[in-house]
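To start, the structure itself, in structure tokens.
Order of listing sets the numbers, starting from 1, for every ligand and every atom in it.
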Amino acid sequence: MNSTSDLIDRARQLREEMIGELRRLSALRTDRVADAFRAVPRHLFAPESPLESAYDPDRSVVVKRDTGGAATSTVSAPAIQATMLEQADIEPGTRVLEIGSGGYNAALIAELVGTRGHVVTVDIDPDVVARTRRFLDEAGYPGVRAVHADAEHGVPHEAPFDRIIVTVGAWDIPPTWWNQLVEDGLMVLPLRLRGLTRSVSLRKVDGALVDRDHHQAGFVAIQGAGAHDEVFVPLAGDEVGLRVDDAPPADPAALAAALARPRVEQWSGVEIAGTEPFDGLDLYLATHTAHFGILMALQSAVDRRLVSRWARWGAPTCFSDQEFAYRVTRRAGDSDRAELGVFAHGPDADALAREVTALIRTWDRDHRLADRRARITVLPAGTPDAALPAGFALTRKHTRIVVSWPGAT
Ligand SMILES: C[S@@+](CC[C@H](N)C(=O)[O-])C[C@H]1O[C@@H](n2cnc3c(N)ncnc32)[C@H](O)[C@@H]1O
């Protein structure tokens with residue numbers, strides 16, 4: 001590229017292509033949000049990234065890693081940013097708190113709220129706050145407030161907010177977020193549920209946060225007072241393990257021994273189209289089994305046929321004391337469709353595989369359609385069981401989270 005004007009032209013062209021792709025993915029649904037993506041030069045907030053990849057709809061840009069190499073801060077991928085901004089339904093003139101900074105998403109929000117609105121972004125990492133401030137100024141958004149704090153306490157001196165958008169994987173919802181949101185306001189957050197993460201749009205009504213919709217998401221985990229570590233249970237050295245975020249297996253050695261036994265395969269007969277999402281099934285499995293986690297594996301374990309390739313990306317897994325069973329797919333004939341199935345290991349792998357296969361069939365029959373998907377309701381900790389909606393309840397320090405399935409008896 002020869003000149004600054006060439007760069008600006010190329011970036012503008014890449015933005016248009018990105019917007020087209022985000023629309024095709026249904027991440028972008030409204031012109032208002034599309035216009036915000038058109039207005040903000042994303043590459044100014046990700047200078048470490050080559051221009052083309054800065055505008056890749058599915059690519060995040062890592063800003064910082066911890067000493068073990070895990071990302072602690074990223075500029076999130078455009079696809080999830082678009083999804084969350086659509087979920088947040090931000091109107092001109094509103095007051096928005098963004099938890100987890102980077103600058104780009106805050107600039108998009110600033111476009112949506114306009115000159116009468118107010119945007120505050122907060123981050124626990126002073127380096128992230130410094131770069132956020134710098135990039136926002138350089139890109140022409142001096143009005144956005146960038147605050148350095150642990151968001152566990154919200155940002156009381158700027159509250160209340162009409163919208164709270166959390167851009168870091170949250171394990172719980174502290175009372176401050178709840179209290180700093182106006183009644184009828186929306187909170188959009190990537191909520192961690194038994195190893196799965198769902199970006200949930202919640203409306204605050206009558207002492208509850210009620211799900212408007214939710215989508216599959218992946219985010220770096222929250223740090224500070226609200227941090228919650230997952231447990232990694234090794235099943236074959238560091239090559240295969242189970243990631244568990246609530247009760248870990250009672251006897252990890254028994255599950256490691258299970259993996260050494262031959263696997264049992266069960267196929268459900270339930271097929272999905274090539275591009276059809278089935279994250280609803282994973283949430284169904286997670287909320288219909290006593291013990292649930294995510295099976296993870298290195299490529300070497302897949303190459304040795306210890307586990308299926310699904311474990312490379314994280315396979316939803318139901319486990320008992322001595323068995324575990326994980327969800328897989330295989331190509332259905334010559335079509336672009338795939339059949340859902342289960343691989344199980346352990347002394348009574350057959351029984352667990354049959355149980356999980358039956359759950360897949362029930363999900364297909366009763367909960368696959370959009371209007372029969374899960375609803376997520378969040379209530380304050382201490383809400384008695386009798387006052388909870390029917391469903392699977394998770395109890396956290398500050399909240400009780402209920403996943404309900406319409407029509408389930
Ligand atoms: C995915 S990044 C945010 C991306 C950003 N919103 C963007 O424009 O793309 C998540 C951020 O959350 C921050 N974070 C983690 N725990 C936090 C906490 N307790 N309070 C505030 N920020 C936190 C991290 O430092 C990290 O910068």
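- Regarding atom 25 (O) of ligand 1, its nearest protein heavy-atom neighbour is D123 OD1, 2.7 Å.
- Heavy atoms of G226 come nearer than 4.0 angstrom to ligand 1 in no pair at all.
- Protein heavy atom at the shortest distance from atom 21 (C) of ligand 1 is I124 N, 3.2 Å.
- For ligand 1, the polar-atom distance check against S73 finds a nitrogen or oxygen pair separated by under 3.5 Å.
- Residue-to-ligand polar distances place A151 within reach of ligand 1: an N/O pair is separated by less than 3.5 Å.
- Atom 24 (C) of ligand 1 has its nearest heavy-atom neighbour, among T72, N105, V168, V61, in T72.
- Side chains of Q223 and T72: no donor on one and acceptor on the other come within 3.5 Å.
- For the pair Q81 and ligand 1, a heavy-atom separation below 4.0 Å is found.
- Residue A149 places a heavy atom less than 4.0 Å from ligand 1.
- Applying the ring-ring contact (aromatic ring centres under 6.0 Å, His included) test to pairs two or more places apart or on separate chains, none has a residue in residues 201-220.
- Where the criterion is an N or O separation shorter than 3.5 Å, residue side chain and backbone included, G100 meets it with respect to ligand 1.
- Contacts between K64 and ligand 1, counted as non-hydrogen atom pairs separated by less than 4.0 Å, are absent for every part of the residue.
- Of all protein heavy atoms, the one lying nearest to atom 5 (C) of ligand 1 is S101 O, 3.4 Å.
- For E98, the closest heavy-atom approach to ligand 1 falls below 4.0 Å.
- Between the side chain of R361 and the backbone N or O of S268 there is at least one donor-acceptor pair closer than 3.5 Å.
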